[in-house]
Each structure stands twice: as C-alpha cells, then as structure tokens.
Colleague: 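Sharing a structure below in structure tokens format, with a few things to ask.
This one's a predicted model, so the numbers in the text were calculated from it and none came from an experiment. Note that these values count all heavy atoms, side chains included, but never hydrogens, waters or copies made by symmetry.
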Amino acid sequence: MKEEINALKTIDSKQFQHDLISWFASEHRDLPWRENKDPYRVWVSEIMLQQTRVDTVIPYFNRFMEWFPTLDEFAEADEERVLKAWEGLGYYSRVRNLHSAVKEVKATYGGVVPDTPEEIAKLKGVGPYTAGAILSIAYGKPEPAVDGNVMRVLSRILLIREDIAKPKTRKTFEVAVRALIDHENTSFFNQALMELGALICTPGKPACLLCPVQEHCEAFKEGVQSELPIKIQKKKTRTVPLVAAILTNHKGEFLIHKRPSEGLLANLWEFPNFEIHTGLLAKRDFFNQELKELLGVTSELGELLVKIEHVFSHLVWNVDTFSGVIPTEMDQNIMKKHQFQWVSEIDLEQYAFPVPYQKMMAAFKEKNM
DNA sequence: CATCCGTGGTG
DNA sequence: TCACCAAGGAT
C-alpha cells in the first residue's frame, strides 16, 4: 500500500519556495560552516551535526578546521589526532568513517569530493541524508536531504501521518522534497527546511504565528500541528555494572588501555575496567582477580574514588572507580598484546578518552589536590 | 527491519 | 527525576 500525499496536489510550490527561501535569506543563523560552500567543510559539518545540536558542534567544527584546514591535510592526519578532534562529541565511528572516506576521496578522486549521487553514496559514513546535503548545499544539485527536521516540518505542512521512526518513511519525504525543491536554489531550500525545523517548527509547541509558510501548512489549518509528526519508538536500556581503577606506577605514570576497533567507543582509550558478572566477590577483589588473569599483576587499591553513572543511547554504565598502584614491573609483551600502556600525566592529553573516563580522571585530580 | 552507536540540553 | 531528544549510518 503506497501512501499518497494529497497536499502535494494543492500546494503552490513556487509560492512555497519563495516564502521559505526569503525567510531563510533574512533569518538564517550565521554558522561557521556557512562561510562558504567548500564541499569538505560542508561534509565535515554534516557528519558532526548528525544527532548532535548546533551549539555543541560549533566549537568542535572551528577547532577541526584549525587542525585540518583542508581535505588533503585531514587525509594525512594520524588516527590518534583524528579521534582527539572528536573527543566528547560521541558516535565516534562517524569520524573514523569520515577519515577513511576522505582518504578514499584523495586517492580515487584527486581530493575532489564527488558530485554525483552514485559516487558520493559509496563513501563510508555518507548515507542518504548526508549525500543529499552535500550535493544540494555544496554543488547545487536538486537532491533531497531528509533529516528529522525535514520530516517534522513536511509532516505538518503536507499532513503526512506515517511513522517517522520507520526507515521506509524517509522515502515518502524524499518524494515530497523532489516535488517541492527549488531547482534554482537547492542549497537554500534544503537548509531552510532544516532551519525552520530548528527555529520555528519545533517538536513541542511550534511557533506557528512566526512561521513564514503558515499559509501553506495543512496541519495549522486543521490545528493538529502539535500531534505531528507521528513517531513511535521503544526504549529499553540495560544497566551494566563495571569496576574500574586509575592505576599508577612508581614513576607516577597512568595505566591506560585502547578499546577494541569495533563496538562501543571503538579505538578510544580508557582506564582498566571490568564488567561485573558475579556478586560473590567484593568489587575490589573482583577487579584484582580479573587484572591478575589478564595482565599477571596485582594492584593495591585504595578506598572507592567515585561512583559514576553514565547514560548511553542504549545502555547505562554503573562504574565503581578506585584509585591504586601497581608496585611491580609488568611484562612488556603482555601489555602490548592487550593494548595497555603507561603514560605520564602530561601525555594523557594526547589520547582520546570518552566522557565517563574523563569524569574518573576529574575525580582523581580533585582527590589528589 | 531492529539494534547498535554518545553526549548534553530540556521540560 | 527522567523521557525525549538533535542536521543518521552501519550492520
């Protein structure tokens, strides 16, 4: 059963384009990635903005462009620096995929971001939204860039009641955008839809009285704007108990561990920690049992340093964190094999740590001050 | 298609 | 306090 978008038959698309783009031209925010149309800058900004607020992205984007001003320079950057640029932003596979894709662009396309849907869609981390965003914003191609904003805005304007949580629903909105998009200004049109969603047509109570396309909006006519979009999703987060320790040696160096290359927080660094799968032992004893089994050494742990609860999108960590020392020498081969390193306090700054471990270190420094 | 993948802001 | 969210993509 194919849903039909009835409102597409009656909407005045030319007038809609004009009202929307005129509003955007005068009311848009001055954001750093809007300084020019450099496809590389557009690309980086779109990846950063995935599931992430504008205010959060701005400082990261500015620093990223200082560190890696051009596509070529980013392609040559080393992995550790790349992860450091993303530290704290979350969804770290975004930047690993971006780095991989940029290297691909340099190698295959001479450093020029491709401008066709077929080529750009092949790049790692570039899905339907990002492909459309780069093509329309940087290259003026009439491609839809359907994100959460666009689905919310158009679900109201066109009275589309499909569940936007379902993957196939995006296709319905792509059809709508193709029917409405201004071929003379694809960049402003797509950005304006998103800007409208961010500033006026917001999730809770949209500011319809300020809306430049109010007269085109079916939901406003019916007074049902707050009921749209339809979105049903379930949420079941499991809680994972962990025990962690900030461990130092006689030189005052810290023991850190590089996480696996796949899965949660891939390739980032952490302090030694273990998931608790038995309640039989005291947490401190459990930690030492696991550490002994893994690295062949025993730590001397102090009192509990801090309890940390960290909420991810799909799970919760409960981490009991200790501080302690490892008084004995450790086998270099075992350390290397399991991706452990001793690093000085100064050198810790070179490594990318996810937020929960930053909290642990903050507590450690507070206590030892 | 459902699940995995971060973080900080908000009512 | 807590559910919901914010310019999604990979598997």
Colleague: Would you classify A/R29 as touching base, sugar-phosphate or nothing, given that sugar-phosphate means primed atoms plus P, OP1 and OP2, and contacts are heavy atoms under 4.0 Å?
Modeller: base
Colleague: Ignoring backbone atoms, test whether A/Y91 places a side-chain nitrogen or oxygen under 4.0 Å from the OP1 or OP2 oxygen of B/dC4.
Modeller: no
Colleague: Mind calculating the distance between CZ (A/F312) and P (C/dA6) to the nearest angstrom?
Modeller: 22 Å
Colleague: Which of these, A/E87, A/Q341, A/K258, A/K84, sits in a side-chain hydrogen bond (donor to acceptor under 3.5 Å, both in side chains) with A/Y351?
Modeller: A/Q341
Colleague: Toward the 5' end of DNA chain C, which comes first, A/K231 or A/I47, by nearest nucleotide?
Modeller: A/K231
Colleague: Ignoring the backbone of A/K168, work out which of B/dC1, C/dA6, C/dG9 is nearest its side chain.
Modeller: B/dC1
Colleague: Rounded off to whole Å, could you give me the CZ-to-P distance for the A/R94 and C/dG9 pair?
Modeller: 11 Å
Colleague: Could you tell me which non-hydrogen atom of A/L304 sits nearest to which non-hydrogen atom of A/R284, and how far apart they are?
Modeller: N-NH2, 4.4 Å
Colleague: For the pair made of CD in A/E262 and P in B/dT3, what is the distance, rounded to whole Å?
Modeller: 20 Å
Colleague: Using ring centroids (six-membered ring only for Trp), state whether A/F286 and A/H277 fall under 6.0 Å.
Modeller: yes
Colleague: Please give the distance between the C1' atoms of C/dG9 and B/dC1 as a whole number of Å.
Modeller: 14 Å
Colleague: Is A/K122 salt-bridged to A/E104, cutoff N-O under 4.0 Å?
Modeller: no
Colleague: In whole angstroms, how far is the P atom of B/dG6 from the CG atom of A/L268?
Modeller: 8 Å
Colleague: Once you apply a heavy-atom cut-off of 4.0 Å, does A/W33 come out as touching a base, just sugar-phosphate, or nothing?
Modeller: base
Colleague: When the nearest nucleotide of DNA chain B is assigned to A/P167 and to A/G90 on a heavy-atom basis, which residue is associated with the more 5' position?
Modeller: A/P167
Colleague: Would A/F74 and A/F64 count as a close aromatic pair, with their ring centres under 6.0 Å?
Modeller: yes
Colleague: Hey, is the side chain of A/H314 poking within less than 4.0 Å of OP1 or OP2 on B/dC5, counting only N and O atoms?
Modeller: yes
Colleague: Tell me the interatomic distance from A/L265, atom CG, to B/dT7, atom C1', rounded to whole angstroms.
Modeller: 11 Å
Colleague: Does a side-chain heavy-atom distance below 4.5 Å link A/R152 with A/I164?
Modeller: no
Colleague: Over all strands shown, is A/G197 touching base, sugar-phosphate only, or nothing at heavy-atom distances under 4.0 angstrom?
Modeller: nothing
Colleague: Tell me if the centroids of the rings in A/F189 and A/F24 come within less than 6.0 Å of each other.
Modeller: no
Colleague: When all nucleic acid strands are considered with a 4.0 Å heavy-atom cut-off, which category describes A/S45: base, sugar-phosphate, or nothing?
Modeller: nothing
Colleague: So what does A/L98 hit on the nucleic acid, given a heavy-atom distance under 4.0 Å: a base, only sugar-phosphate, or nothing?
Modeller: nothing
Colleague: At under 4.0 Å between heavy atoms, what does A/G263 touch on the DNA or RNA strands: base, sugar-phosphate, or nothing?
Modeller: sugar-phosphate
Colleague: Between A/H310 and B/dT7, does any side-chain N or O lie under 4.0 Å from OP1 or OP2?
Modeller: yes
Colleague: Name the nucleic acid region contacted by A/R152, choosing base, sugar-phosphate or nothing; use a 4.0 angstrom heavy-atom cut-off, strictly under.
Modeller: sugar-phosphate
Colleague: What I want to find out is whether A/E76 reaches A/K106 closely enough, with some N-O distance under 4.0 Å, to be called a salt bridge.
Modeller: yes
Colleague: Describe the nucleic acid contact of A/L89 in one word from base, sugar-phosphate, nothing, applying a heavy-atom distance below 4.0 Å.
Modeller: base
Colleague: Consider the side chain of A/Y129, meaning its heavy atoms from C-beta on, and name the nucleotide among C/dG8, C/dA10, B/dT7 that approaches it most closely.
Modeller: C/dG8
Colleague: For C/dC5 and B/dG6, measure between their C1' atoms and round to the nearest Å.
Modeller: 13 Å
Colleague: Quick one: label A/K124 by what it contacts on the DNA or RNA (base, sugar-phosphate, nothing), any heavy atom closer than 4.0 Å.
Modeller: sugar-phosphate
Colleague: Checking A/E215 against A/K221 for the salt bridge (charged side-chain N to carboxylate O under 4.0 Å, His left out) test, could you report, in this order, the C-alpha distance in whole Å, the side-chain angles of both residues, the deciding distance, and whether it holds?
Modeller: CA-CA 8 Å; A/E215 66 185 73; A/K221 281 179 197 165; over 6 Å; no
Colleague: Nearest-nucleotide wise, let me know which of A/K205 and A/P354 is further upstream toward the 5' end of DNA chain B.
Modeller: A/P354
Colleague: If you check the A/N97 side chain, which of C/dA6, C/dA10, B/dT7 turns out closest?
Modeller: C/dA10
Colleague: Quick one: label A/R34 by what it contacts on the DNA or RNA (base, sugar-phosphate, nothing), any heavy atom closer than 4.0 Å.
Modeller: base
Colleague: Using heavy atoms and a sub-4.0 Å distance, could you list which residues of residues 48-57 of chain A are near DNA chain C? By number, please.
Modeller: A/L49, A/Q50, A/Q51, A/R53, A/V54
